[in-house]
J.: 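Starting off with a structure, shown below.
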Amino acid sequence: MVHDAHRHIGVLPAYPFYGGPPVHPDTTARATVKQLLADLDAEGTERALVIPNYGVPDPEIAFSFNALAIEAAQTDDRIRAGLWVSPRPEDAHRTDVALTLAGERGVRALKLSFLLGGRPTDPACRPQLDRIFAVAARHDLVVHVHTSPGAASDIDEVGHLVDWYADQVAVHLVHFGGGMSGHIKLAGSRFFDWIAAGKRVYTDLSWAIGFLPYWLAREIEHRGLGHDRVLFASDQPWGDFSGEYARMAAATGGGELGDRVFRDTFATLYD
């Protein structure tokens, strides 16, 4: 049985990404709680953190799915909700509304991404970031942050959030850097340096390049830390549950590390 620390709910409209025709790349996106629960049943997923779907460059769509995530969490105790928030000053009112829901039953995380704009080191974003992390600290919520190489999502940028806030708030670095450069920066030293310094930093390996799960498992064993900081995540509908599961099961084996990745660390953070 599996605990999934990062998947989405909500169906996005078709969009002409990268100058092409309007498309629906999130083919397994779910519009209703009933459909989501059917997926959990089919997978054997025992617990899940469910976050609004996003990707279309209209933040209002992602914010609109907060109600759906809360509905899911309050319909079935297997589910915990993450709320979409934004560091952009243009989204301040929407984020304020979202943060009023932080104390709702079942809410266990706040999710932000710089894919829709903003930058960790942009002074205009700092007031919103301070507010988001203050609310997370008050309600003991985890803050999920998308990472991917380059631009505002690069770990060189997102890492500032760990430096500034992870003494008080658990920060979940989604996708472990999201690609070659991020993987090497984190697994090579930075992830373990943060843990050794007492930072409350966590991660998942969805989207990870094939070598990374095996290397990270070896580094955890060699260094003797980090075994309680990695969670399984499918990232459905952008990831693939069966593929993500197979990779992580092969890399972690059937021992204590696998138990923590697939179940125990989720329970620590969300149950």
J.: Roughly how far, to the nearest 0.5 Å, is the CG atom of Leu225 from the CD atom of Glu219?
T.: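 It is 10.0 Å, given to the nearest 0.5 Å.
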J.: Does a salt bridge link Arg190 with Asp156, judged by any charged N lying under 4.0 Å from a carboxylate O?
T.: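 So Arg190 pairs with Asp156 through a salt bridge.
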J.: Roughly how far, to the nearest 0.5 Å, is the CG atom of Asp91 from the CZ atom of Phe63?
T.: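 Reported value, rounded in 0.5 Å steps: 5.0 Å.
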J.: Other members of the hydrophobic cluster containing Val174, with the 4.5 Å side-chain heavy-atom rule, please.
T.: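 For Val174, no cluster forms, as it stays isolated from other hydrophobic side chains.
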J.: Within the side chain of Arg223, is there an N or O that forms a donor-acceptor pair under 3.5 Å with the backbone of Phe192?
T.: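 Not a single qualifying donor-acceptor pair exists.
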J.: Will you find, in the side chains of Ser234 and Asp4, an N or O donor that is under 3.5 Å from an N or O acceptor?
T.: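 Present: a donor and an acceptor within the cut-off.
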J.: I would like to know whether Arg108 and Asp140 meet side chain to side chain contact (heavy atoms under 4.5 Å, CB included); could you show each step before the answer?
T.: CA-CA 8 Å; Arg108 294 298 303 131; Asp140 194 24; 4.3 Å; yes
J.: Quick check for you: to the nearest 0.5 Å, what is the distance between Thr75 atom OG1 and Leu36 atom CG?
T.: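 The OG1 atom of Thr75 sits 9.5 Å away from the CG atom of Leu36.
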J.: Using a distance-only test with no angle check, is there a side-chain donor-acceptor pair under 3.5 angstrom linking His146 and Ser148?
T.: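 Checked: His146/Ser148 side chains pair up, N/O donor to acceptor below 3.5 Å.
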J.: Side chains of Trp194 and Asp163 only: does a donor on one sit below 3.5 Å from an acceptor on the other?
T.: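 Indeed, the side chains of Trp194 and Asp163 share at least one donor-acceptor pair under 3.5 Å.
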J.: Would you say His183's side chain and Phe176's backbone share a donor-acceptor pair under 3.5 angstrom?
T.: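 Side chain of His183 to backbone of Phe176, a donor-acceptor pair under 3.5 Å: yes, one is there.
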J.: What distance separates Arg229 CZ from Asp204 CG, expressed to the nearest 0.5 Å?
T.: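 That separation rounds to 15.0 Å.
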J.: In terms of hydrophobic clustering (I, L, V, M, F, W, Y; side-chain heavy atoms under 4.5 Å; direct or indirect links), are Val135 and Leu129 co-clustered?
T.: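 Yes; tracing contacts between hydrophobic side chains, which count when under 4.5 Å, links both residues.
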J.: Verify side chain to side chain contact (heavy atoms under 4.5 Å, CB included) between Met248 and Val261, making sure each step is shown before the conclusion.
T.: CA-CA 8 Å; Met248 290 304 295; Val261 167; 3.7 Å; yes
J.: So do Ser153 and Thr147 actually touch side chain to side chain, heavy atoms under 4.5 Å?
T.: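 With C-beta onward as the side chain, the pair stays apart.
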J.: Please tell me whether His6 and His8 have a donor and an acceptor in their side chains that are separated by less than 3.5 angstrom.
T.: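 Checked: His6/His8 side chains pair up, N/O donor to acceptor below 3.5 Å.
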J.: Do we see a donor-acceptor contact under 3.5 Å between the side chains of His175 and Ser206?
T.: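 Checked: His175/Ser206 side chains pair up, N/O donor to acceptor below 3.5 Å.
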J.: For the residue pair Val2 and Glu46, establish whether any side-chain heavy-atom pair is separated by less than 4.5 Å.
T.: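 In short, these two side chains do not touch, never coming nearer than 4.5 Å.
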J.: Is Pro149 close to Ser181 at the side-chain level, that is, under 4.5 Å between some pair of heavy atoms?
T.: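 Ser181 vs Pro149: side chains touch.
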J.: Got Tyr165 and Val143 here, is their nearest side-chain heavy-atom distance under 4.5 Å?
T.: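 Answer no - side chains too far apart.
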J.: Do Pro52 and Ile9 come close enough that some side-chain heavy atom pair is under 4.5 Å?
T.: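 With C-beta onward as the side chain, the pair stays apart.
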J.: As a quick check of understanding, evaluate side chain to side chain contact (heavy atoms under 4.5 Å, CB included) for Leu40 and Asp76, giving each step before the final call.
T.: CA-CA 11 Å; Leu40 301 187; Asp76 193 304; over 6 Å; no
J.: Less than 4.0 Å between a side-chain N and a carboxylate O, is that true for Lys185 and Asp154?
T.: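 Yes, charged N to carboxylate O under 4.0 Å.
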J.: Would you say the side-chain atoms of His24 pair up with the backbone N or O of Leu12, donor to acceptor, closer than 3.5 Å?
T.: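 Yes, His24 side chain to Leu12 backbone: donor-acceptor pair under 3.5 Å.
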J.: Has the side chain of Ser64 got a donor or acceptor atom that lies under 3.5 Å from a matching backbone atom of Ile61?
T.: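 Yes, because the side chain of Ser64 sits within donor-acceptor range (under 3.5 Å) of the backbone of Ile61.
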J.: One thing to verify: whether Glu43 and Arg7 come together as a salt bridge, which I'm taking to mean a side-chain N less than 4.0 angstrom from a carboxylate O.
T.: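 Yes.
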J.: Could you give me the CA-CA distance, side-chain angles and deciding distance for Leu231 and Thr203, then say whether side chain to side chain contact (heavy atoms under 4.5 Å, CB included) is met?
T.: CA-CA 6 Å; Leu231 302 102; Thr203 195; over 6 Å; no
J.: Give a yes or no answer on whether the side chain of Gln74 reaches the backbone of Gly106 with a donor-acceptor pair at less than 3.5 Å.
T.: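 No.
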J.: Counting N and O atoms only, with roles assigned by atom type, does the side chain of Arg247 sit under 3.5 Å from a partner on the main chain of Ala208, one being a donor and the other an acceptor?
T.: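 Checked: pair present.
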J.: Who are the salt bridge (Lys or Arg N to Asp or Glu O under 4.0 Å) partners of Asp122, not counting sequence neighbours?
T.: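 Scan of Asp122 (salt bridge (Lys or Arg N to Asp or Glu O under 4.0 Å), adjacent residues dropped) gives none.
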J.: So with a 6.0 Å cut-off around CD of Glu221, is the heavy-atom count from everything else above 12?
T.: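 Check fails, neighbour count at 12 or below.
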J.: Could you tell me whether the side chain of Thr252 and the main chain of Leu257 form a donor-acceptor pair under 3.5 Å?
T.: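 Not at all, since once roles are kept as given, no pair shorter than 3.5 Å links the two residues.
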J.: Side-chain heavy atoms under 4.5 angstrom apart, residues restricted to Ile, Leu, Val, Met, Phe, Trp, Tyr: same cluster for Tyr18 and Val56?
T.: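 Tyr18 and Val56: one cluster.
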J.: Can you confirm if the NZ or CZ of Arg47 lies within 45° of the ring axis of Phe266 and under 6.0 Å from the centre of its six-membered ring?
T.: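 Judged by the rule, Arg47 and Phe266 form no cation-pi pair.
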J.: Tell me if the aromatic rings of Phe262 and Tyr245 count as close, with their centers under 6.0 Å from one another.
T.: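 Judged by ring-centre distance (under 6.0 Å), Phe262 and Tyr245 do meet the cut-off.
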J.: Could you grab the distance from atom CZ of Arg119 to atom NE2 of His160, nearest 0.5 Å is fine?
T.: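 Here the rounded value is 9.5 Å.
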J.: Are a donor atom and an acceptor atom from the side chains of Gln236 and Thr28 found within less than 3.5 Å of each other?
T.: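 Their side chains do contain a donor-acceptor pair, which is all the 3.5 Å distance test asks for.
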J.: Measure the shortest side-chain to side-chain distance between Leu173 and Tyr202 over non-hydrogen atoms and say whether it is less than 4.5 angstrom.
T.: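 With C-beta onward as the side chain, the pair stays apart.
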J.: Using side-chain heavy atoms (C-beta onward) and a distance below 4.5 Å, is Arg88 in contact with Phe114?
T.: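 Answer no - side chains too far apart.
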J.: Using 0.5 Å steps for rounding, measure from the CG atom of Asp228 to the CD atom of Glu256.
T.: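 These two atoms lie 9.5 Å from each other.
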J.: Tell me, do His3 and Thr45 make a side-chain contact under 4.5 Å, heavy atoms counted?
T.: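 No; the side chains remain at least 4.5 Å from each other.
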J.: May I ask you to check whether Asp26 and Trp238 show a side-chain donor-acceptor distance below 3.5 Å?
T.: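 No.
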J.: Looking at the rings of Phe65 and Trp84, which for Trp means the six-membered one, are their centres under 6.0 Å apart?
T.: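 Ring centres of Trp84 and Phe65 not closer than 6.0 Å.
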J.: Determine, for Asp167 against Lys199, whether the closest basic-nitrogen to carboxylate-oxygen distance falls under 4.0 angstrom.
T.: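 Counted as a salt bridge, because a side-chain N and a carboxylate O are separated by less than 4.0 Å.
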J.: Take Glu157 and Thr121 through the side chain to side chain donor-acceptor pair (under 3.5 Å) test and state the conclusion after the steps.
T.: CA-CA 7 Å; Glu157 283 280 339; Thr121 53; 2.9 Å; yes
J.: Hey, is the main chain of Ala31 close enough, under 3.5 Å, to the side chain of Gln35 for a donor-acceptor pair?
T.: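 Checking the backbone N and O of Ala31 against the side chain of Gln35, a donor-acceptor pair under 3.5 Å is found.
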J.: Does the structure place the NZ or CZ of Arg80 under 6.0 Å from the centre of the six-membered ring of Tyr270, at an angle of no more than 45° from the ring's axis?
T.: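 Output no; distance or angle outside limits.
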J.: Do side-chain atoms of Arg30 reach the backbone of Pro237 as a donor and acceptor pair under 3.5 angstrom?
T.: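 No, the answer is negative, given that no donor and acceptor are paired below the 3.5 Å cut-off.
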